[in-house]
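Read through the structure below, which is laid out as structure tokens, and then see the notes.
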Amino acid sequence: MDIDPLQILKELFDTAVRSADPMTLIPPLLGPKPAGRLLVIGAGKASARMAEAVESVWGACEGLVITRYGYARPCRGIEIIEAGHPIPDETGVTATRRLLELLERCGPEDHVLTLISGGGSALLVCPAGEITLAEKQQITNQLLASGVAIDKINIVRKHLSKVKGGQLAAAAYPAHMRTLMISDVPGDNPAHIASGPTVGDNSTAAEARAILDGIKAKIPPSIEAALAGSSGVLAPGAEALSHTENRVIASPAQSLAAAMKRAQDYGVQVRILGDAIEGEARDIGEQQAKLALDLQHKMKPGDAPLLLLSGGECTVTRRGDGVGGPNAEFLLSAFITLAGAEGIYGLACDTDGVDGAAEVAGALIAPVAWRRAAARGLDVHAFLENNDSHSFFEKLEMQIITGPTLTNVNDFRAFLIYPVA
């Protein structure tokens with residue numbers, strides 16, 4: 001195969017992202033525009049693109065959608081507000097309050113279309129009780145730096161909020177609500193996507209408190225009070241959720257399947273390791289790199305290349321003060337394990353175009369990059385220990401920067417393996 005392996009990997013990533021484009025996914029699902037009052041609301045990195053797709057079919061609609069800074073799209077009627085992510089900000093609080101005011105005016109004959117995607121947990125923000133935004137930001141920072149899994153983080157978020165855990169749907173009741181979701185969470189559980197603003201949840205405030213205790217979080221009195229009793233999170237069978245329908249329209253599995261099909265067009269064998277892989281990024285990177293080496297050792301000259309694909313959401317436990325993200329840290333750890341092995345190439349990117357808090361989707365690795373790092377005197381292990389993976393790949397000129405992709409189906413990781421003599 002004469003095609004550059006890195007070009008193949010980038011094309012597969014692009015294919016995965018395109019397969020989750022709301023402009024392709026949403027129009028066939030809409031049907032006729034509901035009669036009477038229709039309100040379109042939403043939150044998430046893909047929500048503005050989702051709103052744009054809705055108006056491409058139904059024309060101008062009343063509504064309000066909250067997305068990440070830089071992710072707005074032109075809409076004719078739906079108002080798009082950009083706010084802070086992954087740390088919530090005052091703009092997000094103000095926008096969420098306005099959204100709730102719109103819902104409170106809904107009656108039993110009204111229809112609400114809710115557009116939810118990853119990132120909604122930070123963008124849809126209305127702290128419970130006496131919790132201030134600054135206190136919510138502090139807890140969010142501690143959770144994100146702890147390495148705890150996203151479903152645990154979202155349990156805490158739900159019980160510190162007035163909109164998560166079904167509370168957004170409750171605000172619209174008795175209106176009819178239909179929610180379309182793009183999943184960025186392992187397992188595609190609707191209750192975990194953007195902390196489930198339209199989905200009931202059986203978790204408790206006590207569980208949320210235990211999670212914070214487990215990471216030894218510094219908990220201010222207002223959060224202590226909010227978690228001391230029951231929160232506003234609704235149980236799945238609550239009456240206020242009885243007029244709500246939730247549907248996941250895009251998932252990591254679908255994007256991996258699209259990438260697999262494109263790889264097979266090149267005559268590449270494909271093995272999907274899973275679409276819901278979680279764990280410490282550096283540990284998963286080492287494990288998958290070892291698997292790639294083991295599989296390469298079993299290949300014979302002339303065998304077709306082998307592609308390993310995986311998705312999910314790795315986490316990073318902050319040890320240093322560098323600039324990095326789960327995908328770049330995964331790949332840096334794999335890079336160390338491969339140690340320049342010939343014939344193995346890798347890519348790890350977040351499908352939303354943002355790995356961690358940096359405006360970088362991820363990175364690539366290749367045997368030549370190992371030699372380049374040595375020639376430039378880069379201490380690979382030091383970069384890993386300082387959680388400085390983005391800086392490392394920037395120095396190697398191996399970053400992938402996409403800008404806003406307008407969708408979000410979580411991490412995309414790939415190793416392309418060629419036989420060696």
**Prompt:** Nearest 0.5 Å, what's the CG-CG distance between L64 and L100?
**Reply:**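 Between atom CG of L64 and atom CG of L100 there are 10.5 Å.
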
Taking the side chain as every heavy atom from C-beta outward, state whether [X] and [Y] have any pair of such atoms under 4.5 Å apart.
X	Y	value
L308	Q288	no
L99	L168	yes
Q254	V409	no
I87	L144	yes
I78	C61	yes
L12	L307	yes
V17	F412	no

Tell me which pairs pass ring-ring contact (aromatic ring centres under 6.0 Å, His included) where either residue lies in [range], with sequence neighbours left out.
range	value
residues 279-298	none
residues 63-106	none
residues 226-252	Y173-H243, H176-H243

**Item:** side chain to side chain donor-acceptor pair (under 3.5 Å) pairs, two or more places apart, involving residues 96-120
**Value:**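 Non-adjacent pairs meeting side chain to side chain donor-acceptor pair (under 3.5 Å): E79-R98.
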
**Request:** Only pairs at least two apart or in different chains count here, so list each side chain to side chain donor-acceptor pair (under 3.5 Å) that has a residue in residues 133-150.
**Result:**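 Qualifying pairs: T132-E135, E135-S222.
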
Summary of salt bridge (charged side-chain N to carboxylate O under 4.0 Å, His left out) pairs that have at least one residue in [range], sequence neighbours excluded:
range	answer
residues 218-242	R209-E224
residues 273-290	E280-R319, R282-E329, R282-E385, E286-K290
residues 151-171	K158-D201
residues 52-62	R37-E62, R49-E52, E52-R73

**Prompt:** Do we see a donor-acceptor contact under 3.5 Å between the side chains of K10 and Q7?
**Reply:**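 A pair is found: one side chain offers a donor N or O, the other an acceptor, under 3.5 Å apart.
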
**Any residue meeting side-chain hydrogen bond (donor to acceptor under 3.5 Å, both in side chains) with R247, in chain and number order, not counting sequence neighbours** =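 Partners of R247 by the side-chain hydrogen bond (donor to acceptor under 3.5 Å, both in side chains) criterion come out as none, since no residue qualifies.
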
**Request:** Apply side-chain hydrogen bond (donor to acceptor under 3.5 Å, both in side chains) to Q269 and list each qualifying residue two or more places apart in sequence or on a separate chain.
**Result:**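 Listed in chain order: nothing, the list is empty.
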
**Prompt:** Taking everything shown except K261 itself, do over 12 heavy atoms lie less than 6.0 Å from its NZ?
**Reply:**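 Open: at most 12 neighbouring heavy atoms sit under 6.0 Å from NZ of K261.
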
**Message:** Test of understanding: with ring-ring contact (aromatic ring centres under 6.0 Å, His included), list the residues that count as partners of W370, not counting sequence neighbours.
**Reply:**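 Per chain and number, W370 pairs via ring-ring contact (aromatic ring centres under 6.0 Å, His included) with F335.
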
